[in-house]
Amino acid sequence: MSHPLITRLTTEFGWPRFEDMGSLEDWRAGPGAHVLFVPGDPVRNLETADVAVILPELRQAFQGRFDCAVCGDGIEEQVRNETKVFKTPSLIFWRAGEMIGAVPKVRDWDDYMARVAHILSLPVAAE
């Protein structure tokens with residue numbers, strides 16, 4: 001299930017939407033930092049639309065230090081189980097194929113800025 005603000009992420013911004021784990025794994029193993037938006041059910045969770053608006057602003061605020069993608073409905077449960085990030089909407093961060101952090105639920109701007117800065121500063125064992 002989608003929402004116009006989620007669709008905007010893939011159409012206007014050109015972010016990939018992953019419907020299979022293989023494609024997601026290839027993407028998150030690539031160079032740099034990656035953020036996967038796990039929307040949850042936008043009908044039941046009104047915060048989903050808020051995070052769909054906030055994420056492009058975060059990417060801009062961090063001057064493109066990470067790329068972004070959307071988790072498709074077909075793999076959302078598997079991603080949540082794998083990462084142990086069960087609350088949605090959530091932003092899950094990877095570098096070098098390793099999860100480095102997550103920000104579940106909607107937050108105020110200052111909290112996002114602090115959490116994302118902290119997550120991006122974390123090392124990955126493979127680096």
- Item | Residue pair Ala52 / Leu9: nearest heavy atoms and the distance that separates them | O-CD2, 3.5 Å
- Provide the closest heavy-atom pair for Arg59 versus Trp15 in the form atom of the first, atom of the second, distance. CD-CZ2, 4.0 Å
- Item | Cluster overlap Trp94 with Leu122, hydrophobic side-chain contacts below 4.5 Å | no
- Message: Let me confirm one number: the CG-CH2 distance from Leu58 to Trp109, rounded to the nearest 0.5 Å.
- Response: 4.0 Å
- Task: Answer with yes or no whether the hydrophobic clustering places Ile6 together with Leu46; edges join I, L, V, M, F, W, Y residues whose side-chain heavy atoms lie under 4.5 Å apart.
- Result: no
- Message: Can you see whether Asp26 engages Ser23 through a side-chain donor-acceptor pair at a distance of less than 3.5 angstrom?
- Response: no
- Message: Using side-chain heavy atoms (C-beta onward) and a distance below 4.5 Å, is Lys105 in contact with Asn45?
- Response: yes
- Item | Nearest heavy atoms of Pro104 and Ser90, plus distance in Å | CA-CB, 3.8 Å
- Cluster check Val85, Met21: I/L/V/M/F/W/Y, side chain < 4.5 angstrom: yes
- Item | Hphob cluster co-occupancy, Val51 + Leu5, side-chain heavy atoms under 4.5 angstrom | no
- May I ask whether Val106 and Leu55 are part of the same hydrophobic cluster, defined by side-chain heavy atoms of I, L, V, M, F, W, Y residues being less than 4.5 angstrom apart, directly or through others? yes
- Query: Between Pro39 and Cys71, which heavy-atom pair has the shortest distance, and what is it?
  - Reply: CD-O, 3.7 Å
- What is the distance from atom CZ of Phe37 to atom OG1 of Thr48, rounded to the nearest 0.5 Å? 5.5 Å
- Task: Go through the steps to decide whether Arg8 and Phe13 satisfy the test side chain to side chain contact (heavy atoms under 4.5 Å, CB included), and finish with yes or no.
- Result: CA-CA 7 Å; Arg8 172 181 174 248; Phe13 295 107; 3.3 Å; yes
- Pairwise distance OG1(Thr88) to CD(Glu77) - rounded to 0.5 angstrom: 11.5 Å
- Interatomic distance, CZ@Arg107 vs OH@Tyr112, rounded to 0.5 Å, equals 7.5 Å
- Query: With under 30° as parallel and over 60° as perpendicular, where do the rings of Phe18 and Trp27 fit, or are they tilted in between?
  - Reply: tilted
- Nearest 0.5 Å, what's the CD1-CD distance between Ile75 and Glu82? 9.0 Å
- Query: Does Arg17 pair with Glu76 as a salt bridge, N-O distance under 4.0 Å?
  - Reply: no
- Query: Looking at CZ of Phe93 and CG of Leu36, how far apart are the two atoms once the value is rounded to the nearest 0.5 Å?
  - Reply: 10.5 Å
- Message: With a 4.5 Å cut-off on side-chain heavy atoms, are Val103 and Ile119 touching?
- Response: yes
- Note: Leu120 and Arg95 closest approach over all heavy atoms is O-NH2, 2.7 Å
- Message: Take a 6.0 Å sphere around CD of Glu12 and say whether it holds more than 12 heavy atoms from other residues, nucleotides or ligands.
- Response: yes
- Query: Do Asp67 and Val35 come within less than 4.5 Å of each other through their side chains, counting heavy atoms only?
  - Reply: no
- Heavy-atom pair of closest approach, residues Gly74 and Glu19: N-OE1, 3.5 Å
